[in-house]
Number of protein chains: 2
Amino acid sequence: MARSTNTQFAVAVHVLTYLGGAEGRVVSSDELSASTNVNPVYVRRVLGPLRGAGLVRSRPGAHGGWELAADAGDITLERVWQLLQGDDPVLGLHGPAPECPVGRNIQSMLTDLDRRVAAAVSAELRRFTVRDVLHGLPVPEHGLTAPPRDGG
Amino acid sequence: MARSTNTQFAVAVHVLTYLGGAEGRVVSSDELSASTNVNPVYVRRVLGPLRGAGLVRSRPGAHGGWELAADAGDITLERVWQLLQGDDPVLGLHGPAPECPVGRNIQSMLTDLDRRVAAAVSAELRRFTVRDVLHGLPVPEHGLTAPPRDGG
DNA sequence: GTCATTCGTAACCACGGCGATTACAGATCG
DNA sequence: CGATCTGTAATCGCCGTGGTTACGAATGAC
């Protein structure tokens, strides 16, 4: 499934926010490493997909480093999540006995359920951008109060 | 954080659904193991917290086994999730440099964000019960379409 | 009472993911 | 040229997950 002890998303959001606060200054992965407290190599590894998606730019060589390639207000956390977690299951699935029809049916239900939960996570993350993290998350209007169940 | 390759939730839902379809019959962990394709010891380990919460009953000895202790329509998947995943972070957090004020601020933002996402997951899972998994998940009314962002 | 069955739980092991670390090639600037 | 910084591969240790074994206790059949 997606993560457990996977810190890529947290590191990515941290770095993006840091860059958003650096106002165009080019920041080395060493400096980013100092703030995130993770290895500079790991920082570059995490930032790779973000660069591929055009969220950040990097420049090698002396006085090189990283900077945002888009407005902080245009980078949703959903985008970051999707780039780093891809389509990994959120809930975690198992591999039921294929010869058991009951098991196979439950498996397809769980897969469907996972899709819905992943969509809920995406929807929540879509509400926030790097700018929000930088300036403080907006007060929640929904998301902490839950709708009633369907099947009740 | 919560899980990555953690299958406890999936196994639990599988077993609860299986028991819900067994209509009061007492089912051994060996039989549950055969359907879920995981070890019977692991089945019992996963079921432990559910028994503690009164969702299932177990009886040792000959002809012993497991049965539901509540109506399948009263067991929400949110309850199962909370019992097994507890308050583990959903997004996965890192440990930023404590001496960096920027880092500490971002950390608190990420913790807040994780709470919201966890609430969104809970809200989605609250819509479904074991009965829903048994009879088929209801058609989604919301959850696959996302609300607009706050901070835009 | 005796024995087979099943849960309860602890102990130990193997596998795999995560992130640190090292190493080295390529790019860039003074 | 030399210093700096990215890009990337290779390797390592740690830890969570789940499998496996083992043994005690509870229950029912006989």
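None of the values given here were measured: they were computed from a predicted structure. A, B, ... follow the sequence lines: proteins, then strands. Residue 1 opens every chain.
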Expected rows: protein N/O vs nucleotides 23-25 of chain C N/O, under 3.5 Å:
none

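- Formation of a donor-acceptor pair under 3.5 Å by the B/Thr7 side chain with backbone atoms of B/Ala10 is not found in this model.
- A distance-only check finds no donor-acceptor pair linking the side chain of A/Thr76 to the backbone of A/Phe128 [under 3.5 Å].
- Here B/Thr7 does not reach the OP1 or OP2 of D/dT17: none of its side-chain N or O atoms lies under 4.0 Å away.
- Rounded to a whole Å, the CG atom of A/Leu93 is 12 Å from the P atom of D/dG18.
- For A/Asn39, whose side chain is taken as the heavy atoms from C-beta onward, the closest listed nucleotide among C/dC7, C/dT21, D/dT6 is C/dT21.
- Atom CZ in B/Arg45 sits roughly 8 Å away from atom C1' in D/dG19 (whole-Å rounding).
- When atom types are taken as modelled, the side chain of A/Ser58 and the backbone of A/Gly65 share no donor-acceptor pair closer than 3.5 angstrom.
- The closest donor-acceptor contact from the side chain of A/Ser35 to the backbone of A/Leu32 lies at 3.5 Å or more, if one exists at all.
- C/dC7 atom C1' lies 7 Å from atom CH2 of B/Trp66, rounded to whole Å.
- Using modelled atom types, no side-chain atom of A/Arg59 and backbone atom of A/Gly64 make a donor-acceptor pair closer than 3.5 Å.
- Using a 4.0 Å cut-off on heavy atoms, none of the residues of residues 31-38 of chain A approach DNA chain D.
- The phosphate of C/dG17 has neither OP1 nor OP2 within less than 4.0 Å of any side-chain N or O from A/Asn6.
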*asked:* Run the side-chain contact (heavy atoms from CB on, under 4.5 Å) test on A/Trp66 and A/Val15 for me, step by step, so that the C-alpha distance in whole Å, both residues' side-chain angles and the decisive distance to 0.1 Å come before the verdict.
replied: CA-CA 10 Å; A/Trp66 300 80; A/Val15 165; 6.0 Å; no
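- Shortest non-hydrogen contact noted between B/Leu55 and B/Arg79 is CD1-CG, 4.3 Å.
- The stretch residues 57-65 of chain A touches DNA chain D through A/Ser58, A/Arg59, A/Pro60, A/Gly61, A/Ala62, A/His63, A/Gly64, A/Gly65, each having a heavy atom within less than 4.0 Å of the strand.
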_Applying salt bridge (Lys or Arg N to Asp or Glu O under 4.0 Å) to B/Arg131 and B/Asp71, what does each step give before you reach the verdict?_
CA-CA 8 Å; B/Arg131 183 196 301 276; B/Asp71 190 275; 2.7 Å; yes
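- The only member of B/Leu125, B/Ile75, B/Thr36, B/Leu77 that meets side-chain contact (heavy atoms from CB on, under 4.5 Å) when paired with B/Val13 is B/Leu77.
- Counting only heavy atoms from C-beta on, B/Ser28 has its side chain closest to C/dT6 among D/dG18, C/dG19, C/dT6.
- For the pair B/Leu16/B/Val80, a side-chain contact is recorded, criterion being any heavy-atom separation below 4.5 Å from C-beta on.
- The side chain of B/Tyr42 has D/dG18 as its nearest neighbour among C/dT21, D/dT6, D/dG18.
- B/Phe9 has its CZ atom 18 Å from the C1' atom of D/dT17, to the nearest Å.
- Within the 4.5 Å cutoff, side-chain heavy atoms of B/Thr129 are placed close to those of B/Asp132.
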